[in-house]
There are 2 protein chains.
Amino acid sequence: MDGLETRELRYFVAVAEELHFGRAAERLNMAQPPLSRAVQQLERRLGVVLLDRDRRGVSLTAAGAAMLAEARLALDAVDAVVRRTRRAAAPTPGLVLTTKAGASHELLKRLLDAYAARPGAVEVDVLLCEIGGQGQLLRNGSADVALVHSPFDVLTGLDTVEIVTEGQVAIVPAAHPLAQRTSLTVAEVSDVPGLPIARWPQHDGTYPPGPGPEVRTQSQLAQLVALGRTLLVIPGSSRAWQWPEHVAVPVVDAPEVTTLLAWPAGARSAALDGLLETAAHLAASASS
Amino acid sequence: MDGLETRELRYFVAVAEELHFGRAAERLNMAQPPLSRAVQQLERRLGVVLLDRDRRGVSLTAAGAAMLAEARLALDAVDAVVRRTRRAAAPTPGLVLTTKAGASHELLKRLLDAYAARPGAVEVDVLLCEIGGQGQLLRNGSADVALVHSPFDVLTGLDTVEIVTEGQVAIVPAAHPLAQRTSLTVAEVSDVPGLPIARWPQHDGTYPPGPGPEVRTQSQLAQLVALGRTLLVIPGSSRAWQWPEHVAVPVVDAPEVTTLLAWPAGARSAALDGLLETAAHLAASASS
DNA sequence: TAGCGGTGATACCGGTGGGGTATCAGTCCC
DNA sequence: GGGACTGATACCCCACCGGTATCACCGCTA
């Protein structure tokens with residue numbers, strides 16, 4: 001009846017992502033025939049057609065698409081078992097905190113310092129990740145807690161505690177006329193001639209179309225602003241990495257950004273509780 | 001390095017729950033020796049000691065306890081793959097809504113009627129579960145959405161939308177002096193001589209100690225109240241199942257109860273969106 | 001239309017390893 | 001010290017996973 005092994009899930013995910021048995025088999029370091037067979041067996045056992053093998057290629061059925069999403073979550077959960085178990089077994093368990101490189105640097109520093117001063121504090125490793133990558137790292141057990149920014153980061157499935165809410169600033173090249181302003185509006189900074197918004201890679205690694213430069217890292221972005229090629233709008237506290245060639249101008253009508261600590265729902269531990277309490281104190285002192 | 005099959009997780013969970021290789025093997029319908037071997041291999045591959053095999057029995061190490069919690073979540077996620085895939089493949093996919101038997105009956109009826117009247121509404125199956133069982137059913141894919149009650153039900157990992165907030169009433173035997181009152185306080189209904197609060201089974205199936213009667217179902221409870229053996233405090237809308245021998249008295253200082261729809265974070269679908277929208281309308285009309 | 005490249009499915013085979021039985025090795029208890 | 005009980009070890013077998021070889025089907029092209 002049931003039983004479904006993770007091997008079968010991995011096979012299906014590979015095929016569903018590649019939409020090509022040969023390439024999927026290559027990715028799995030195996031030959032194509034056993035992969036075809038395994039997926040057929042999976043479909044028979046589920047009693048569900050997951051893939052349409054038409055002439056000229058493979059495509060997902062509706063059920064296959066549903067299964068792909070669920071299977072990814074399940075595989076993440078299985079990976080999380082290994083990672084969290086290994087960390088729980090470490091001589092000094094510690095915590096892993098993940099955040100976007102460069103974001104909320106000052107706040108993070110205050111949080112870590114305050115937590116380290118607590119009695120019974122454990123070591124906190126900081127794991128820098130790409131934009132929007134925190135959720136994945138929490139789900140697959142690579143991290144215990146993340147510093148995230150609402151409304152930018154997806155928070156579904158995570159418990160959170162707010163730390164601070166703040167306005168946003170535009171980072172513009174010092175030489176640009178906008179740098180003279182004391183405040184700006186969203187309308188003024190969107191679609192500035194000669195300063196197109198930079199484009200970040202999407203989930204599949206490709207870039208959306210548009211006039212702005214393609215970037216992968218914060219430092220690339222910083223340099224591009226310094227070169228007068230783009231501008232960006234970020235939370236005020238992120239200006240820590242501002243260059244001499246940058247000018248920060250408040251954007252008065254930009255949506256407020258809330259910095260939060262997020263953790264996988266239900267994955268509390270004594271160490272995490274300590275960090276959350278520290279964060280709550282920080283939030284209280286910041287708002288007073 | 002990685003790899004971990006669900007079979008290994010099932011084996012470990014069985015042993016960790018039974019704390020006895022023989023019984024665990026019996027539960028798994030296999031012999032004890034291969035089970036011992038499999039768990040040993042698992043420990044070697046992880047490089048982590050999960051179980052202490054002391055004289056007189058088996059016990060979990062700290063890492064083993066952590067792994068047990070994670071493994072249960074992962075196995076639920078794998079089960080969810082099967083259930084949700086099968087449902088997605090059904091000719092008419094439908095939605096499965098779960099709730100505690102007897103709770104918010106009127107509200108549920110209004111919600112389902114209103115949703116059924118929507119264009120494009122799919123069939124909604126109602127799955128009645130035991131107290132507090134909704135989270136498990138959502139996690140393992142047995143249900144798509146649940147009707148839950150804050151602060152009673154655990155909401156971690158679930159996205160929610162509020163429907164209605166209401167006060168609580170005490171359900172007391174009509175023959176009891178308290179039935180004459182027009183309002184009560186928490187202090188008055190806790191520890192009433194001769195009317196001890198009923199006890200519900202815990203997660204492991206055993207009952208907490210105390211003077212109250214042991215119950216498993218709402219109808220048992222209803223009968224016990226009618227017999228004058230206990231009283232209970234529940235949301236006002238739950239009085240639908242009130243008997244002639246019951247009297248409902250508002251408890252003025254009891255915490256308010258919020259009825260919500262909850263669903264696994266990130267598991268949105270077109271059908272679910274329709275139901276949530278209906279619930280939002282219901283909430284708006286109820287508050288106005 | 002015949003050939004060819006490319007795709008997934010089928011046929012068959014060998015080795016690994018998961019699961020079985022039989023037994024051993026401790027421990028506790030009378 | 002013997003028996004009951006528990007988990008570990010020894011050994012065996014065969015199911016099944018993965019490999020190679022090949023087929024069947026389609027579309028393109030000359």
Side-chain angles (χ1 to χ4, degrees), chain A residues 1-61 63-65 67-68 71 75 78 81-82, chain B residues 1-61 63-65 67-68 71 75 78:
Chain A
M1 196 70 176
D2 47 1
L4 214 49
E5 290 300 319
T6 59
R7 180 178 43 79
E8 311 180 74
L9 291 177
R10 278 189 281 267
Y11 288 3
F12 170 73
V13 168
V15 174
E17 286 180 353
E18 300 284 347
L19 292 177
H20 189 289
F21 280 80
R23 282 194 298 275
E26 192 178 357
R27 208 172 95 179
L28 294 165
N29 292 312
M30 65 185 293
Q32 168 261 319
L35 178 58
S36 289
R37 227 187 11 191
V39 174
Q40 281 178 307
Q41 284 176 357
L42 177 61
E43 287 180 301
R44 272 202 303 275
R45 283 178 46 198
L46 289 175
V48 171
V49 178
L50 301 169
L51 299 164
D52 276 328
R53 287 91 155 166
D54 286 321
R55 58 204 167 282
R56 219 61 183 173
V58 177
S59 60
L60 282 172
T61 63
M67 169 138 177
L68 176 58
L75 289 176
V78 172
V81 176
V82 179
Chain B
M1 196 68 177
D2 49 0
L4 213 48
E5 289 300 316
T6 59
R7 181 176 42 79
E8 309 181 76
L9 291 178
R10 278 188 283 266
Y11 288 4
F12 170 73
V13 168
V15 174
E17 287 180 352
E18 299 285 346
L19 292 177
H20 189 290
F21 280 80
R23 282 195 296 274
E26 192 178 356
R27 209 173 94 180
L28 294 165
N29 292 312
M30 65 185 292
Q32 168 260 319
L35 178 58
S36 289
R37 237 189 3 199
V39 174
Q40 281 177 310
Q41 284 176 357
L42 176 62
E43 288 180 302
R44 273 202 304 275
R45 284 178 47 197
L46 289 176
V48 171
V49 179
L50 301 169
L51 300 163
D52 276 329
R53 287 93 156 164
D54 286 321
R55 61 207 168 280
R56 218 58 184 173
V58 178
S59 60
L60 283 171
T61 64
M67 170 137 175
L68 176 57
L75 289 176
V78 172

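Each chain gets a letter, A, B and so on, in the order its sequence line appears, and its residues count up from 1.
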Check the phosphate of [N] against [X], side-chain N and O only, distance under 4.0 Å to OP1 or OP2. Yes or no?
X	N	result
B/Gln40	D/dT9	yes
B/Ser36	D/dG7	no
B/His20	D/dC5	no

Comparing B/Pro33 and B/Tyr11 on DNA chain C - which has the more 5′ nearest nucleotide: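 Its nearest nucleotide being more 5', the pick is B/Tyr11.
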
Do [X] and [Y] come close enough that some side-chain heavy atom pair is under 4.5 Å?
X	Y	answer
A/Leu4	B/Thr6	no
A/Leu42	A/Tyr11	no
B/Val58	B/Asp52	no
B/Val13	B/Leu68	yes

Could you state the atom-to-atom distance from [atom1] of [X] to [atom2] of [N] in whole Å?
X	N	atom1	atom2	answer
B/Asp52	D/dG7	CG	C1'	14 Å
B/Phe21	C/dG19	CZ	C1'	16 Å
A/Arg53	C/dA9	CZ	P	5 Å
A/Arg23	C/dT7	CZ	C1'	11 Å
B/Glu43	D/dG7	CD	P	13 Å
B/Gln32	D/dT9	CD	P	11 Å
B/Leu51	D/dT6	CG	P	16 Å
B/Leu28	D/dG7	CG	P	13 Å

Smallest separation among heavy atoms of A/Met67 and A/Leu46, with atom names: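 For A/Met67 versus A/Leu46, the nearest heavy atoms are SD-CD1, 3.7 Å.
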
Among C/dG19, D/dG18, D/dA10, the one nearest A/Met30 by side-chain distance: D/dG18

Which atoms of nucleotides 12-17 of chain C (N or O only) lie under 3.5 Å from a protein N or O atom, and what are those distances?
{"unit_1": "C/dC12", "atom_1": "N4", "unit_2": "A/Arg37", "atom_2": "NH1", "d": "3.4"}

N-O pairing of B/Glu5 and A/Arg10 below 4.0 Å: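 Looking at A/Arg10 together with B/Glu5, the answer is yes, because their closest N to O distance falls below 4.0 Å.
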
Closest-nucleotide 5' rank along DNA chain D - winner of A/Asn29 and B/Pro34: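 Counting from the 5' end, the first nearest nucleotide belongs to B/Pro34.
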
Enclosure of B/Glu26 CD (heavy-atom neighbours >12, cutoff 6.0 Å):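 No, because the 6.0 Å sphere around CD of B/Glu26 holds 12 heavy atoms or fewer from other groups.
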
